[in-house]
Number of protein chains: 2
Amino acid sequence: MPDGSKETRTPSAQDKKSLLLAHTFIESLDDEDVDRLAQHARLMTYGSGETIFRKGDPGISMLLVIKGCVRISTITSEAKEIVLNLIQAGEVVGEIALLDGKERSADATAIQFTEVLVLERRDFLPILERNPRAAIRMLEVLCDRLRRTSEQVEDLILTNAVRFARVLVRLAEQFGNEVDVGTQIDLRLSQSELGKITGTTRETLNRQLAEWREQGIIALESGRIVIRNMRALKRIGDGDR
Amino acid sequence: MPDGSKETRTPSAQDKKSLLLAHTFIESLDDEDVDRLAQHARLMTYGSGETIFRKGDPGISMLLVIKGCVRISTITSEAKEIVLNLIQAGEVVGEIALLDGKERSADATAIQFTEVLVLERRDFLPILERNPRAAIRMLEVLCDRLRRTSEQVEDLILTNAVRFARVLVRLAEQFGNEVDVGTQIDLRLSQSELGKITGTTRETLNRQLAEWREQGIIALESGRIVIRNMRALKRIGDGDR
DNA sequence: TTTAAACTATGATTTAGATCACATGTCAAT
DNA sequence: ATTGACATGTGATCTAAATCATAGTTTAAA
């Protein structure tokens, strides 16, 4: 696991502005604000496995993910790691601590080569205070997160098969890519990684995947899961065995 | 379980205004907006056990809890109920669906005699759009929720004893009342109810509580839990056995 | 003031899934 | 090509907690 070796490029404010504008999040801002942000924003890149921030860090910034994917996770007192969220290009990371000024509530790690634009609290908050549309956009983001996380709570009291099915369906919605045989999840996830998403051990997960593979419900295509029978998977996820 | 029999009083706009002003949430609004809300807000009351809304309902309103306590919960496909949140006087309920315009993501039930002020989407959203401070206040509420819910996700992959301890500590923070023997949780919760909060069966919970009672860590005082040794409970919750 | 309904307590049994153990497979680096 | 670091695949065993069963207790209603 490489660590710390974040590199920073030094692109022009113009470059940064166009990156900002490409980000869905930014559409709620007017041109001046975008300019202001572009001036102060830093562009950072992280290799796969690199830590972006850690639980407990002071949270004075928010990241717009330009490229790649960020895993939000935390390690319990019993030394189990659980993934709270996977955040892809076009979404934001670290907004909670930025907004409430408290510590980071979880760890953030790049799981691919990832580029982010870092917005500082002092640059961003004034914009929210001036621009209600931006604040409302932030509210939408948080509502979305909350719905997802509540769903995860529900998932965690379900039996494994049902939970796995629901997680796969959700991953397919988030990272899915339609191919001829079905929906491919465009993420290279090891089984232990997937285990951390579902909150189970690698072994149990492996057995379940094997079964579904035999039944033709899923398949593996160069290290990526392809869902071949989405309907069946959804049925399992609904508990209709 | 009584149902549906909501009664509505018809207080004056003045009455409603003073209720609004008493609510911590409202401090971010200016006087005109408070007046406007007071005119349209409805005061509703619910008996213990009454349903306020159900998962799947259209979410066109938000409730300010004036008095009492509301349980936010959901029933899984496997027919298990889990409590996502307990919301007491001074807090808001149902803000997510109001903000994102989607369906209610969970059921809301009064667990005591409860009074709420109902704010409609069409009255409230324009205020957010005009008043960034109110929007930022909403952001804080959501951040808070998100931190709580993420903690619950963490809790759910812990072993029961650790999880119970953490839940009790959290309930003590939220509903605690310092008495001579310790901190009393000011809620009458049956063990099955507590089970739904911790995501376990009544039986397992019962055994754990019995053990802690013998050890003098907790006690029962007229149906309410008193934490007599908070330090011990916190240590257990941290996994330091 | 008894009768029902809900809640608490605890033992016995079962079970889902974790843990352990080890074989096999893959792939990048030397 | 060989080594080593990881990832996958599967049996065997163990265990935490669910489920089942049943008795006692408190609360509220008739």
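Proteins get letters first, then strands, A, B, ... in listed order; numbering begins at 1 in each.
When the C1' atom of C:dT10 is taken as reference, atom CD of B:Gln208 falls 15 Å away, rounded to whole Å. Protein atom CG of A:Asn160 is 12 Å distant from nucleotide atom P of C:dT19, rounded to whole Å. Here C:dA18 presents its C1' atom at 13 Å from CD1 of B:Ile157, a figure rounded to the nearest Å. Following rounding to the nearest Å, B:Glu78 (CD) and C:dT15 (P) show an atom-to-atom distance of 16 Å. As rounded to whole Å, 15 Å separates atom C1' of D:dT26 from atom CZ of B:Arg224. With rounding to whole Å, A:Leu205 atom CG is found 10 Å from C:dA18 atom P. What separates CG of B:Leu209 from C1' of D:dA17 is a distance of 15 Å, to the nearest Å. Rounded to whole angstrom, the span from the CZ atom of B:Phe164 across to the P atom of D:dA16 amounts to 14 Å.
Looking at residues two or more places apart in sequence or on another chain, you find a side-chain hydrogen bond (donor to acceptor under 3.5 Å, both in side chains) between B:Glu78 and A:Thr159.
Taking 4.5 Å as the limit, every side-chain heavy atom of B:Asp107 sits out of range of all side-chain heavy atoms of B:Thr51.
Between A:Asp186 and A:Arg224 the shortest heavy-atom distance is OD1-CD, 3.9 Å.
A salt bridge does not link B:Glu193 with B:Arg202: every distance from a Lys NZ or Arg NE/NH1/NH2 to an Asp or Glu carboxylate oxygen is 4.0 Å or more. Between B:Glu214 and B:Arg207, no side-chain nitrogen of the basic residue sits less than 4.0 Å from a carboxylate oxygen of the acidic one, so the salt-bridge criterion is not met. A salt bridge is defined here as a Lys NZ or Arg NE, NH1 or NH2 lying under 4.0 Å from an Asp or Glu carboxylate O, and B:Arg147 with B:Glu140 fails to meet this definition. Residues B:Glu154 and A:Lys55 are paired through a salt bridge, judged by an N-O separation under 4.0 Å between the basic side chain and the carboxylate. Electrostatic pairing of A:Asp155 and A:Arg170 counts as a salt bridge here, judged by a charged N lying under 4.0 Å from a carboxylate O.
A close approach under 4.0 Å does occur between a side-chain nitrogen or oxygen of A:Asn206 and OP1 or OP2 of D:dG9. Taking 4.0 angstrom as the limit, B:Thr159 places none of its side-chain polar atoms (N or O) nearer than this to OP1 or OP2 of D:dA16. Here A:Thr201 reaches the OP1 or OP2 of C:dA18: one of its side-chain N or O atoms lies under 4.0 Å away. In this model, the phosphate group of C:dA9 is approached by a side-chain N or O of B:Arg213 to a distance below 4.0 Å at OP1 or OP2.
Distance OG/B:Ser73 to CD/B:Glu81: 4.0 Å, rounded to 0.5 Å.
For B:Arg202 and D:dA18, a side-chain-to-base donor-acceptor distance below 3.5 Å is absent, hydrogens and geometry of angles not being considered.
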Enumerate all atom pairs, one protein N or O and one N or O from nucleotides 11-15 of chain D, separated by less than 3.5 Å.
| from | atom 1 | to | atom 2 | distance (Å) |
| --- | --- | --- | --- | --- |
| D:dG11 | N7 | A:Arg207 | NH1 | 2.9 |
| D:dG11 | O6 | A:Arg207 | NH2 | 3.3 |

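Listed by residue number, there are no residues of residues 183-199 of chain A with a heavy-atom contact under 4.0 Å to DNA chain C.
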